[in-house]
Amino acid sequence: MTTYDVRPLVRADWPWVQAWFTDATLDRELGPLDEEWLEHVLADQEGVELVVTDGAGAAVALVGVAWDPDGATHGITDLAVDPGRRRAGLGGQALAVVLAWPGHPPAAGWVAFVDPDNAPAFAFFTRQGWVHDGLDEDEMHRFHR
């Protein structure tokens, strides 16, 4: 069984992140990413962009988290799996290790928002056992755990 590690994104990760987002699916669903995005996530004090690596240190997923300053619910802002490793169950494993990462401030729960046009993300959170709350005021599907 593979053991996964979690660490914050660093500037040196930018080349492989850019390479991942040449994938049409990632670019359509989560992109496009640019240096402004990179600078934002590197400076963000209200959340973190996490890299999930396998036992060999290779990046397998990238997961964004927005922290709730009141400790009610932290949010998953993005989740990207290495395009070359899609459909292998890595998304669920990455989500599990990110939720368990000890660097998060305390929170009572988790939420995720999914674009109505992103059927694979809707199916993913459903498979993970997250509860669908319907559409929020921004017309995004809201899930909670």
Side-chain angles (χ1 to χ4, degrees), residues 2-69 72-101 103-105 107-145:
T2 303
T3 301
Y4 296 98
D5 294 310
V6 179
R7 64 170 174 78
L9 178 83
V10 295
R11 189 172 303 281
D13 293 317
W14 186 231
W16 65 258
V17 171
Q18 284 181 299
W20 279 17
F21 279 82
T22 62
D23 175 78
T25 301
L26 276 183
D27 186 55
R28 180 181 64 251
E29 300 299 343
L30 297 174
L33 299 186
D34 56 18
E35 298 230 3
E36 184 177 326
W37 174 88
L38 176 64
E39 296 305 323
H40 170 77
V41 298
L42 292 176
D44 193 4
Q45 299 295 308
E46 297 174 356
V48 64
E49 193 74 24
L50 295 169
V51 176
V52 179
T53 59
D54 64 14
V60 298
L62 185 64
V63 182
V65 175
W67 293 323
D68 181 348
T73 53
H74 294 328
I76 300 297
T77 60
D78 57 86
L79 191 154
V81 172
D82 175 357
R85 300 183 195 206
R86 255 192 218 120
R87 307 287 177 248
L90 288 173
Q93 293 172 14
L95 184 59
V97 297
V98 161
L99 296 180
W101 184 61
H104 299 300
W110 288 87
V111 296
F113 297 92
V114 174
D115 187 284
D117 296 330
N118 193 340
F122 187 100
F124 170 78
F125 282 102
T126 300
R127 277 192 314 275
Q128 301 310 308
W130 288 48
V131 177
H132 181 239
D133 297 321
L135 293 173
D136 72 354
E137 63 274 358
D138 294 325
E139 298 297 311
M140 298 286 282
H141 290 288
R142 183 184 192 277
F143 288 84
H144 77 271
R145 175 181 177 274

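None of these values were measured; they are calculated from a predicted model.
- Note that CG of L99 and CH2 of W110 are 5.0 Å apart. Values are rounded to the nearest 0.5 Å.
- Under the rule for a side-chain hydrogen bond (donor to acceptor under 3.5 Å, both in side chains), the partners of D133 that lie at least two apart in sequence or sit in another chain are R142, H144.
- L38 contributes atom CG, which lies 6.5 Å from atom CG of L9 (distance to the nearest 0.5 angstrom).
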- Begin from the C-alpha positions of D117 and R28 and carry the test side chain to side chain contact (heavy atoms under 4.5 Å, CB included) through to its verdict. CA-CA 11 Å; D117 296 330; R28 180 181 64 251; over 6 Å; no

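- With H74 contributing its side chain and P105 its backbone, the two residues share a donor-acceptor pair below 3.5 Å.
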- Item | CA sep, side-chain torsions, deciding dist, call: D23, W20, side-chain hydrogen bond (donor to acceptor under 3.5 Å, both in side chains) | CA-CA 6 Å; D23 175 78; W20 279 17; over 6 Å; no

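- W130 contributes atom CH2, which lies 9.5 Å from atom CZ of F143 (distance to the nearest 0.5 angstrom).
- Atom CH2 of W67 sits about 10.0 Å away from atom CD of E46, to the nearest 0.5 Å.
- Between Q18 and L33 there is no side-chain heavy-atom pair separated by less than 4.5 Å.
- Counting heavy atoms from C-beta on, the side chains of V51 and V6 never come closer than 4.5 Å.
- Considering only heavy atoms from C-beta on, V65 comes within 4.5 Å of V98 through its side chain.
- Note that CG of L79 and CD of E29 are 12.5 Å apart. Values are rounded to the nearest 0.5 Å.
- Separating the CZ atom in F125 from the CD atom in Q128 is a distance of 8.0 Å, to the nearest 0.5 Å.
- At least one side-chain heavy atom of M140 sits under 4.5 Å from a side-chain heavy atom of D115.
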- Check the pair T2 / Q93 against side chain to side chain contact (heavy atoms under 4.5 Å, CB included), numbers first and verdict last. CA-CA 10 Å; T2 303; Q93 293 172 14; 5.6 Å; no

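- Side-chain contact between F124 and L95 is present, with heavy atoms from C-beta onward closer than 4.5 Å.
- The shortest distance between side-chain heavy atoms of F122 and N118 does not fall below 4.5 Å.
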- Query: Given the rule in the side chain to side chain contact (heavy atoms under 4.5 Å, CB included) test, do D54 and Y4 qualify, once you have shown the distances and angles that lead to the verdict?
  - Reply: CA-CA 5 Å; D54 64 14; Y4 296 98; 4.1 Å; yes

